[in-house]
Chemist: 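Got a structure for you, questions after.
Below, all heavy atoms of this structure are taken into account, side chains as well, without hydrogens, waters or symmetry copies.
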Amino acid sequence: MRSLIVFFVLFALGAGLADTIMPRLKYIDFADIMEEDINKSKLAIYTNPDIGFTAKYPDCFKISNTEEDTLGSVTFRYDTDTSIVMECFTCRIADTANPDRAIAKIADSMHALITKTDDGYILHGRIYENDVPIDGYRHYTKYSAKDKLWIAYSLIYPEEYSGRLGRLFQIIKEWKPWHNEQLSAA
């Protein structure tokens with residue numbers, strides 16, 4: 001009888017240890033799931049009814065407008081937990097005679113770095129509020145000029161996901177707000 005009890009105790013311990021060493025359920029990192037979701041999603045196209053610009057975004061993002069939204073703005077959210085947001089907005093060009101100087105002024109106020117492209121400017125860096133950096137958050141924003149307006153497409157994201165958002169960076173980098181492009185997979 002005693003050997004039978006010892007056998008069952010050892011068997012139970014062995015089974016528990018085996019599950020610890022070789023778990024039946026494999027943990028899947030959320031960042032892996034999110035990256036795959038973003039990379040495999042089809043692209044949708046939003047056309048702003050007021051200004052007329054277009055913006056592609058993965059269809060795993062949802063349009064999230066609020067009562068505070070202004071003319072010429074739209075927000076796309078991945079979900080409510082990750083704080084990954086793509087948004088388009090407009091603002092006036094302060095110095096229409098010199099767009100380089102105007103964008104430098106915007107970059108300075110945002111503490112951002114500037115990269116000039118063939119069709120606009122990309123500003124990127126940490127996010128600041130009242131000249132204080134918000135820990136762990138960054139932005140990547142493309143500005144394109146039209147008449148006296150900047151049309152901007154911005155990605156706001158937690159820094160921890162920087163290496164997982166390559167497709168979103170590419171969408172913004174290649175964005176042409178005035179081309180009514182056909183829906184295609186990127």
Chemist: How long is the gap from CD1 on Ile122 to CD1 on Ile103, to the nearest 0.5 Å?
Modeler: 10.5 Å
Chemist: Drop me the distance from Ile38's CD1 to Leu165's CG, to the nearest 0.5 angstrom.
Modeler: 5.5 Å
Chemist: Report the C-alpha separation of Lys146 and Ile51 in whole Å, then their side-chain angles, then the decisive distance to 0.1 Å, and conclude whether the side-chain contact (heavy atoms from CB on, under 4.5 Å) test is met.
Modeler: CA-CA 10 Å; Lys146 171 136 178 158; Ile51 308 291; over 6 Å; no
Chemist: Looking at every heavy atom in both Ile127 and Arg138, which two are closest together, and how far apart are they?
Modeler: CD1-O, 3.4 Å
Chemist: Please determine whether side-chain contact (heavy atoms from CB on, under 4.5 Å) holds for the pair Asp50 and Thr90, giving the CA-CA distance in whole Å, both sets of side-chain angles, and the decisive distance to 0.1 Å.
Modeler: CA-CA 11 Å; Asp50 303 313; Thr90 60; over 6 Å; no
Chemist: So which atom in Trp150 and which in Pro99 form the shortest heavy-atom distance, rounded to 0.1 Å?
Modeler: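 Reported closest heavy-atom pair: CZ2-O, 3.9 Å.
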Chemist: Say whether, by atom type as modelled, one donor and one acceptor occur between the side chain of Arg167 and the main chain of Ser41 under 3.5 angstrom.
Modeler: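 The answer is yes, because a donor-acceptor pair under 3.5 Å joins these two groups.
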Chemist: Please check if Leu155 and Tyr143 belong to a single hydrophobic cluster, counting links between Ile, Leu, Val, Met, Phe, Trp and Tyr side chain heavy atoms closer than 4.5 Å.
Modeler: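 Different clusters.
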Chemist: Does the gap between the ring centers of Tyr57 and Tyr153 come in under 6.0 Å?
Modeler: no
Chemist: Determine whether Ile63 and Phe53 fall in the same hydrophobic cluster, where Ile, Leu, Val, Met, Phe, Trp and Tyr are linked whenever their side-chain heavy atoms lie under 4.5 Å apart.
Modeler: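 In one cluster with Ile63: Phe53, yes.
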Chemist: Once rounded to the nearest 0.5 Å, what's the spacing between atom OG1 of Thr75 and atom NZ of Lys62?
Modeler: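 The OG1 atom of Thr75 sits 15.0 Å away from the NZ atom of Lys62.
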Chemist: For Tyr121, check side-chain hydrogen bond (donor to acceptor under 3.5 Å, both in side chains) against everything at least two apart and list the hits.
Modeler: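 So Tyr121 forms a side-chain hydrogen bond (donor to acceptor under 3.5 Å, both in side chains) with Asp100.
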Chemist: With sequence neighbours left out, what residues match Asp147 under salt bridge (Lys or Arg N to Asp or Glu O under 4.0 Å)?
Modeler: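 Expected list: none.
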Chemist: Under 4.5 Å between side-chain heavy atoms, hopping through other hydrophobics if needed: is there a path connecting Tyr46 to Phe61?
Modeler: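 Same cluster.
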Chemist: Once rounded to the nearest 0.5 Å, what's the spacing between atom CG of Asp59 and atom CZ of Phe76?
Modeler: 12.0 Å
Chemist: If you compare all heavy atoms of Ser154 against all heavy atoms of Phe89, which two are closest, and at what distance to 0.1 Å?
Modeler: CB-CE2, 4.0 Å
Chemist: Where is the tightest heavy-atom contact between Trp175 and Ser144, given as atom of each residue plus distance?
Modeler: CZ3-CB, 4.5 Å
Chemist: Which donor-acceptor pairs under 3.5 Å do side chains of residues 104-115 form with protein atoms, sequence neighbours excluded?
Modeler:
from, atom 1, to, atom 2, distance (Å)
Ser109, OG, Ile106, O, 2.7
His111, NE2, Asp131, OD1, 2.9

Chemist: Return the CD1 to CZ distance between Ile84 and Arg77, rounded to the nearest 0.5 Å.
Modeler: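 Reported value, rounded in 0.5 Å steps: 11.5 Å.
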Chemist: Applying side-chain hydrogen bond (donor to acceptor under 3.5 Å, both in side chains), can you list everything that pairs with Lys40, at least two apart in sequence or on another chain?
Modeler: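 Glu36.
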Chemist: Between Tyr157 and Phe169, how do the two ring planes meet: parallel, tilted or perpendicular, split at 30° and 60°?
Modeler: perpendicular
Chemist: Drop me the distance from Ile171's CD1 to Leu43's CG, to the nearest 0.5 angstrom.
Modeler: 5.0 Å
Chemist: Can you name the residues that form a side-chain hydrogen bond (donor to acceptor under 3.5 Å, both in side chains) with Gln170, not counting sequence neighbours?
Modeler: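 Partners of Gln170 by the side-chain hydrogen bond (donor to acceptor under 3.5 Å, both in side chains) criterion, ordered by chain and then number, come out as Glu174.
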Chemist: So, do Lys142 and Asp119 sit near enough that their side-chain heavy atoms are less than 4.5 Å apart?
Modeler: yes
Chemist: So do the side chains of Leu168 and Pro58 get within less than 4.5 Å of each other, counting heavy atoms only?
Modeler: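 Leu168 vs Pro58: side chains touch.
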Chemist: Quick one: closest heavy-atom pair of Ala145 and Ile93, and the distance?
Modeler: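 Here Ala145 and Ile93 meet closest at CB-CD1, 3.7 Å.
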Chemist: I would like to know whether Met34 and Asp29 meet side-chain contact (heavy atoms from CB on, under 4.5 Å); could you show each step before the answer?
Modeler: CA-CA 9 Å; Met34 176 198 65; Asp29 185 34; over 6 Å; no
Chemist: Can you name the nearest heavy-atom pair linking Ser83 to Pro158, along with the distance?
Modeler: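 Heavy-atom minimum between the residues: O-CD, 3.7 Å.
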Chemist: Whether the side chain of Asn130 engages the backbone of Val132 through a donor-acceptor N/O pair (distance < 3.5 Å, no angle test) should be reported.
Modeler: no
Chemist: Please identify each residue that fulfils side-chain hydrogen bond (donor to acceptor under 3.5 Å, both in side chains) with Glu35, with sequence neighbours left out.
Modeler: Arg164
